[in-house]
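Below you'll find the structure, written out as structure tokens, and then a few comments.
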Number of protein chains: 2
Amino acid sequence: MNLKQLSSMLDLSQTTVSRALNGYPEVAEETRRRVVDAAKRHGYRPNPSARRLATGKAGMIGYVMPTGASVEIDPHFVEFLSGLGDYARTHELDLALSPSTMEDEETTYRRIVANRQVDAVYISSPRPKDSRIRLLNELGIPFIVHGRSEGLDFDYPFLDIDNEAAFYEAARLLVQLGHRRIALINGNPDQTFAIHRERGARRAMVASGVELPPSRIRALPMTEENGYSAAREILAAKERPTAIMCSSMLMTLGIIRALRDAGLSVPGDVSLVAHDDVFPFLRPENFPVPLATTRSSIRSAGQRIAERLAARIGGLEEGARGEVWPVDLVVRGSVAQART
Amino acid sequence: MNLKQLSSMLDLSQTTVSRALNGYPEVAEETRRRVVDAAKRHGYRPNPSARRLATGKAGMIGYVMPTGASVEIDPHFVEFLSGLGDYARTHELDLALSPSTMEDEETTYRRIVANRQVDAVYISSPRPKDSRIRLLNELGIPFIVHGRSEGLDFDYPFLDIDNEAAFYEAARLLVQLGHRRIALINGNPDQTFAIHRERGARRAMVASGVELPPSRIRALPMTEENGYSAAREILAAKERPTAIMCSSMLMTLGIIRALRDAGLSVPGDVSLVAHDDVFPFLRPENFPVPLATTRSSIRSAGQRIAERLAARIGGLEEGARGEVWPVDLVVRGSVAQART
DNA sequence: GCGAGTAGTCAAAGCGCTTTGGATTTCGTG
DNA sequence: CACGAAATCCAAAGCGCTTTGACTACTCGC
């Protein structure tokens, strides 16, 4: 069933049918109803290739997928992708994934842009002074960064959550509860988000005269394994912390096991706050002790980025708009007053 | 730079240029050289949409991405995707991901087939009597299953590794080394691969009069966490096993921590063999004690599936061909003679 | 009652590629 | 030396959609 058939069936021109379906104003409401109705009844779906050819749009969002040694992105990547796909699916957009090693990244971006294979691109896990951002900026293809870089001498569009405020608030809560020795188990320090979280936590503590010495900070790829070992080290110190902030619920699983091994209770001996990216398979409520979190759905971010990318493709969004989402602080049983 | 421009530049017709580029025989070698050369020099790339429109092929491989509560697929999925993408990238194929909940799966498959959005589809993590396979078979779209189902009353194309033989060999090795109490920590039992692995292990043991009681089997989603808890339980038994076989290196990380917690050494107290999907970020050689594995690259499987899918699209492969890859057994320091 | 708008519709021209159905030229043979 | 078969190459017809530029039929104000 194609346009031609549908229009002859309705005794209308292809023009009118096409316009009716695409919401153009110059078609009578009555006619539009007829057309939309018939299209639905006959299951008409416009051929994407034809549409793309006619409009010159590729109808695809591209992503250069690093395939090197980065375990870190995995669960986040799939979840983010789900969000992106949720939006894309309902808006005639497809996702094109281009696997690439770290070294070939630049070449890959150049290729997909030159081939006109995609209308827009997104970048994830930005680092400070991220070279990919500069490259895409030069290539002139619409893009959005999921997260933020730092130290770049130009602006660019991004979507980020307010990591600094999130950890500021979480630290402030702990301080208000009387905690004076607070540890931070963070994500990989070459990722901007980790830098921001440490900054936020430190700001809240400094404001109250609480220290955050290097001995109480760990910054590692966010695996359960790393959470465990980081926690073990930190808990072994003579001045054991009474609270731990963590960048990842996966890591927190490791922290909890370390606490259990050390015979320490939550929140009796140690309070816990973690950042929750809202994975469907790991919910803070289901932790042994319900886990207090700073929460922001990475999946929603994926949806929003798809939406903004679509807007950029359509020329509805321009300029280097940065969007920063507030983060919820959800207090649950894993935090308590510090023992005096 | 499009076909028209290129051909007028060469003083040839579009027909000839197109044929020269696509390797048709009715063009003189000398002419072909000229054309190919000019195309390269001017960086000509055919417009994918136009090509698709003309050929009627979507030029895409589809995958319905489950977005429900399945942590299990994550790292495997990304790695597999890398392989698929490696091939696809160099063959004018794109990957289209359609996220879907478990419940909507069937609807989603119907949709992408009806919309002609993809030329072929692959299915991963098949379960016994997997309904998706039946559906795609009925819809008549080319597809390949990564893995195998069981109990279906028709044949279908698949690519699987020989899980049964792999675990048969591994178990046989352990038995030959004198082990009599061998445990199996397996993946989720509703996945066919887990069933096959247990079958293989059991067959080898039974053949030597060694038992594999339920108390020494665990079958869970393959996370580090689950590996840890499964191992703890199994090691707590009075008749502690002297060897453990595991379906996943991620789980094995958990097993090793459990062993360490229990003060047991590898391979002194317990021998260890695990299946290795060859993740770039987790190599068996780098384990505390180099880990013996049954090895098969999930990434290569992705490449091969892309290749076969491409062949099916092109009509070069037909019928329900099943392909089973042998699995390497790589002996390393984590296995040793059982203590007598 | 007439000219100017305004709605609503349509025919036709692409978009860039593949492919069908000839033309034209070249060449081996009888 | 003529003739049919190869060997080459080409013009033109789609593929299914969007969009431009016009056309027709009303409606409205004066």
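Order of the sequence lines sets the chain letters (A, B, ...), proteins ahead of strands, with each chain counted from 1. As a basis for the values below, the full set of heavy atoms in this structure was taken, side chains included, without hydrogen atoms, waters or symmetry mates.
Listed in residue order, the members of residues 2-28 of chain B having a heavy atom less than 4.0 Å from DNA chain D are B:Asp11, B:Leu12, B:Ser13, B:Thr15, B:Thr16, B:Arg19, B:Glu26, B:Val27, B:Ala28. Within residues 43-62 of chain B, the residues having any heavy atom closer than 4.0 Å to DNA chain D are, in order of number, B:Leu53, B:Ala54.
No option in B:Phe77, B:Phe143, B:Phe80 other than B:Phe80 meets the ring-ring contact (aromatic ring centres under 6.0 Å, His included) test with B:Tyr122.
Ion pairing of A:Asp277 with A:Arg299 is absent here, as no side-chain N (NZ or NE/NH1/NH2) approaches a carboxylate O to less than 4.0 Å. Using a 4.0 Å cut-off between charged nitrogen and carboxylate oxygen, B:Arg134 and B:Glu138 do not count as a salt-bridge pair. Of the charged side-chain nitrogens involved, none lies within less than 4.0 Å of a carboxylate oxygen, so that B:Asp11 and B:Arg34 do not count as a salt-bridged pair. Using a 4.0 Å cut-off between a side-chain N of Lys or Arg and a carboxylate O of Asp or Glu, A:Arg127 and A:Glu150 do not qualify as a salt bridge. Ion pairing between a basic and an acidic side chain is recognised when a charged N comes within 4.0 Å of a carboxylate O; A:Asp94 and A:Arg52 show such pairing. Look at B:Arg132 and B:Glu106 and you find no salt bridge, because none of the NZ, NE, NH1 or NH2 atoms lies under 4.0 Å from a carboxylate O. In this structure, A:Asp119 does not pair ionically with A:Arg312, as no charged nitrogen and carboxylate oxygen lie closer than 4.0 Å.
Using cut-offs of 30° and 60° on the angle between ring planes, the pair B:Tyr156 and B:Phe158 is tilted.
With a heavy-atom cut-off of 4.0 Å to chain B, the contacted part of DNA chain D has its first and last nucleotide at D:dT8 to D:dG16.
For the residue pair A:Tyr109/A:Ser100, the side-chain donor-acceptor check at 3.5 Å is not satisfied.
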